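The chains referred to below are lettered A, B, ... by the order of the sequence lines, with proteins before strands, and numbering in each begins at 1. The shown structure was predicted, so the numbers you read here are calculated from the model rather than taken from an experiment.
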2 protein chains.
Amino acid sequence: MVGSKDVPAPPWRKPRRPPQAKRQLSQELIVETGLRILDAEGFDALSMRRVAQELDTGPASLYAHVSAKEELLELIYDRVLSEVRLPEPDPSRWKEQLRDYAQEMHRVFRDHADVARAALANIPTGENSLRMGEFTYGLLIEAGMPPGEASLAMDRLTLYLVGDAYEGSLHWARMRASGMSSPQEYFEAFVAQIVAYYRALPVERFPHLRDHVNDLIAGDGEDRFTYGLELLLDGIEARMPKT
Amino acid sequence: MVGSKDVPAPPWRKPRRPPQAKRQLSQELIVETGLRILDAEGFDALSMRRVAQELDTGPASLYAHVSAKEELLELIYDRVLSEVRLPEPDPSRWKEQLRDYAQEMHRVFRDHADVARAALANIPTGENSLRMGEFTYGLLIEAGMPPGEASLAMDRLTLYLVGDAYEGSLHWARMRASGMSSPQEYFEAFVAQIVAYYRALPVERFPHLRDHVNDLIAGDGEDRFTYGLELLLDGIEARMPKT
DNA sequence: ACCTGAACACCGTTCAAGT
DNA sequence: ACCTGAACACCGTTCAAGT
């Protein structure tokens with residue numbers, strides 16, 4: 001059957017849009033476009049109109065594939081979570097695996113800074129949210145934690161991961177707004193501001209803040225993330241029934 | 001001096017606006033109005049135009065007292081923090097005092113749910129942010145923690161408090177959006193949704209989520225908050241140099 | 001110094017009409 | 001079923017003009 005749909009067009013023939021056909025939209029295309037805008041220009045740049053523009057159409061066209069902006073954000077979030085790789089669960093090494101999982105999430109959130117803003121307070125119903133949930137919940141339960149407590153621990157760990165990522169994304173937004181382009185430059189300016197501000201505080205009301213300014217700004221985002229993560233992991237370990 | 005400004009008008013004379021005078025705006029008035037809208041109608045209802053409307057004027061008038069919406073949000077945030085009461089620091093009871101502090105913050109954030117959205121990633125420069133900072137920083141340092149580490153611990157604790165409050169505020173927003181008015185009703189509907197959804201999951205891929213649904217929804221917001229707080233406090237305690 | 005109306009450049013979503 | 005243009009009801013911020 002020459003010309004059948006199953007036979008691909010020869011590669012040397014330039015693909016062209018059938019003149020009759022309308023734009024070829026799809027949910028996947030919309031999600032990928034949204035994510036591209038999010039990564040390149042940040043949360044505030046992501047609008048339905050902007051996505052539509054990128055796809056050479058009007059905003060109304062998107063609503064055939066996505067019920068609202070909120071749904072688009074959820075889809076983008078789950079799309080990003082698909083980049084998280086999980087190992088085979090090994091309950092005897094639960095702490096190590098939970099740490100690796102957290103660092104893996106941290107890495108993915110760093111690559112897609114602003115996606116965290118779409119994450120909080122959603123019921124995790126996306127394919128990949130469920131994957132994460134099954135992994136951490138199962139790990140804690142199989143390691144011996146009562147399910148009711150495992151649920152609390154999982155919930156708080158997730159909140160920490162997303163909260164930290166969210167804070168990071170706000171810093172990115174500020175960096176963009178201030179016109180700086182390198183994180184270094186932003187970070188230094190940020191630190192300089194803090195130092196100057198705290199040094200000028202009245203010493204009698206804020207003795208500790210004033211006397212230990214240098215320590216106050218010690219530690220970058222990675223240090224802070226890791227410190228908090230270890231606090232939580234140690235707390236969980238202390239509650240894990242002894243084997 | 002009859003008619004002097006220092007003499008109040010007699011109470012039986014109805015106060016009236018001097019016909020000549022323009023609106024009597026002030027930063028404080030704008031902040032209080034913004035907070036009232038935030039508490040009553042939520043974050044999404046708080047716009048410069050809405051605040052202006054409430055004050056019988058146009059949005060442009062606000063910009064004489066507030067540089068941008070972002071500054072207004074920061075001012076509202078610090079205004080809310082003014083409601084947080086701190087005890088005299090007693091380093092020998094640092095853990096208890098830190099717990100009380102966290103619960104006090106939690107209480108205030110519950111009364112002003114949506115204010116947490118204005119809080120993340122700001123340099124704490126407001127009067128009251130500084131008060132909180134001096135309290136927790138001083139408490140940890142005086143209890144014997146090296147300042148560099150005290151800074152990390154304080155930072156992570158604050159992130160937890162604000163992150164939890166932020167998540168709570170998103171739940172409020174969803175409740176409002178769904179037209180429900182009582183938190184109970186919302187909470188029950190929310191739980192019912194989760195249970196139904198997880199029960200329908202394919203058991204071979206999500207065995208733990210499916211088998212322990214009831215445990216998954218165990219614990220309300222207070223339980224979850226307290227559990228995470230104790231995780232952090234225990235982690236900090238484990239790092240506190242022995243006396 | 002403070003306030004204002006009008007305008008600018010945006011939003012998310014709906015809806016009747018087209019194919 | 002999918003796509004579209006036009007419209008609705010909003011945004012934050014600026015600016016020249018008023019007092």
Side-chain angles (χ1 to χ4, degrees), chain A residues 5 17-31 33-35 37-38 40-77 114 117-118 170 173-174 176-179, chain B residues 5 17-35 37-38 40-77 114 117-118 122 170 173-174 176-179:
Chain A
K5 281 205 248 168
R17 214 190 271 140
Q20 224 67 313
K22 298 296 168 70
R23 200 62 62 264
Q24 265 289 66
L25 289 181
S26 73
Q27 191 177 80
E28 203 200 327
L29 187 58
I30 292 171
V31 169
T33 307
L35 178 55
I37 295 172
L38 202 62
E41 299 166 57
F43 191 83
D44 295 331
L46 178 65
S47 69
M48 298 300 273
R49 296 179 114 99
R50 184 79 172 69
V51 172
Q53 187 199 88
E54 210 79 3
L55 293 169
D56 264 322
T57 183
S61 304
L62 306 178
Y63 286 83
H65 302 93
V66 136
S67 68
K69 190 185 182 184
E70 199 188 332
E71 190 191 341
L72 175 56
L73 290 174
E74 282 171 25
L75 290 167
I76 292 175
Y77 179 59
D114 283 9
R117 295 208 218 176
L170 291 182
R174 292 190 152 233
R176 258 189 293 260
S178 69
Chain B
K5 281 204 250 168
R17 216 189 269 139
Q20 224 65 312
K22 300 296 168 69
R23 200 64 59 264
Q24 264 290 65
L25 289 179
S26 73
Q27 193 178 78
E28 204 201 325
L29 187 58
I30 292 170
V31 169
E32 290 299 328
T33 307
L35 178 55
I37 295 171
L38 202 64
E41 298 165 59
F43 191 83
D44 295 331
L46 178 63
S47 69
M48 299 299 275
R49 295 178 115 98
R50 185 79 172 68
V51 172
Q53 188 199 87
E54 211 78 4
L55 293 169
D56 263 323
T57 182
S61 304
L62 307 178
Y63 287 82
H65 303 91
V66 137
S67 69
K69 189 185 183 184
E70 198 187 334
E71 192 192 339
L72 175 56
L73 290 173
E74 283 172 25
L75 290 168
I76 293 176
Y77 179 60
D114 283 8
R117 296 209 217 174
N122 288 335
L170 292 182
R174 293 190 152 233
R176 257 189 295 260
S178 69

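- Ranking D:dA6, C:dT4, C:dT13 by closeness to the B:A60 side chain, first place goes to C:dT4.
- Once rounded to the nearest 0.5 Å, the distance linking CZ of A:R176 with CG of A:D44 reads 8.0 Å.
- Rounded to whole Å, atom P of D:dC3 lies 7 Å from atom CD of A:Q24.
- A gap of 13 Å separates the C1' atoms of D:dC2 and C:dA17, to the nearest Å.
- Contact annotation: B:T57 does not reach the phosphate of C:dC3 (side-chain N/O to OP1 or OP2, under 4.0 Å).
- Each of A:H65 and A:P59 lies near DNA chain D, and the nucleotide nearest A:H65 is the one positioned closer to the 5' end.
- Scanning all heavy atoms of the two residues, the minimum distance from A:D114 to A:F43 falls at OD2-N, 2.5 Å.
- Across the protein-nucleic acid pair, A:Q27 atom CD and D:dC2 atom P stand 12 Å apart, rounded to whole Å.
- For A:L25, the listed nucleotide lying nearest its side chain is D:dC3; candidates were D:dG12, C:dC3, D:dC3.
- Computed from coordinates, the A:D44 CG to C:dG12 C1' distance equals 15 Å when rounded to whole Å.
- Base pairing in DNA chain C gives the following stems of 3 or more Watson-Crick or G-U pairs, range against range and under 3.5 Å: C:4-8 with D:12-16, C:12-16 with D:4-8.
- For the pair B:L62 CG and D:dG12 P, the computed distance is 10 Å after rounding to whole Å.
- Among D:dC3, C:dC2, C:dT4, the nucleotide with an atom closest to any side-chain atom of B:A64 is C:dC2.
- In this structure, the side chain to side chain contact (heavy atoms under 4.5 Å, CB included) partners of B:R50, at least two apart in sequence or on a different chain, are B:I37, B:E41, B:S47, B:Q53, B:E54.
- Considering only residues two or more places apart in sequence or on other chains, A:A52 meets the side chain to side chain contact (heavy atoms under 4.5 Å, CB included) condition with A:T57, A:P59, A:L62.
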Pairs under 3.5 Å (N/O, protein and nucleotides 9-11 of chain D):
from, atom 1, to, atom 2, distance (Å)
D:dC11, OP1, B:S47, OG, 3.3

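- Across the protein-nucleic acid pair, A:Y63 atom OH and C:dG12 atom P stand 7 Å apart, rounded to whole Å.
- Partners of A:E28 by side chain to side chain donor-acceptor pair (under 3.5 Å), not counting sequence neighbours: none found.
- Between B:L72 and B:M48, some side-chain heavy-atom pair lies under the 4.5 Å cut-off.
- For A:L75, the side chain to side chain contact (heavy atoms under 4.5 Å, CB included) partners two or more places apart in sequence, or in a different chain, are A:Q27, A:V31, A:V66, A:E71.
- Across all non-hydrogen atoms, the minimal contact from B:A173 to B:R117 is CB-NH2, 3.5 Å.
- Rounded to whole Å, atom P of D:dC3 lies 10 Å from atom CG of A:L29.
- Only the P atoms considered, C:dA9 is 22 Å distant from D:dC10, to the nearest whole Å.
- Legend: residues meeting side chain to side chain donor-acceptor pair (under 3.5 Å) with A:S26, ordered by chain and number and at least two apart, are absent.
- The nearest whole Å value for the distance from the CD1 atom in B:I30 to the P atom in D:dG12 is 14 Å.
- Taking atom CD of A:E70 as the reference point, atom C1' of C:dT13 lies 14 Å away to the nearest angstrom.
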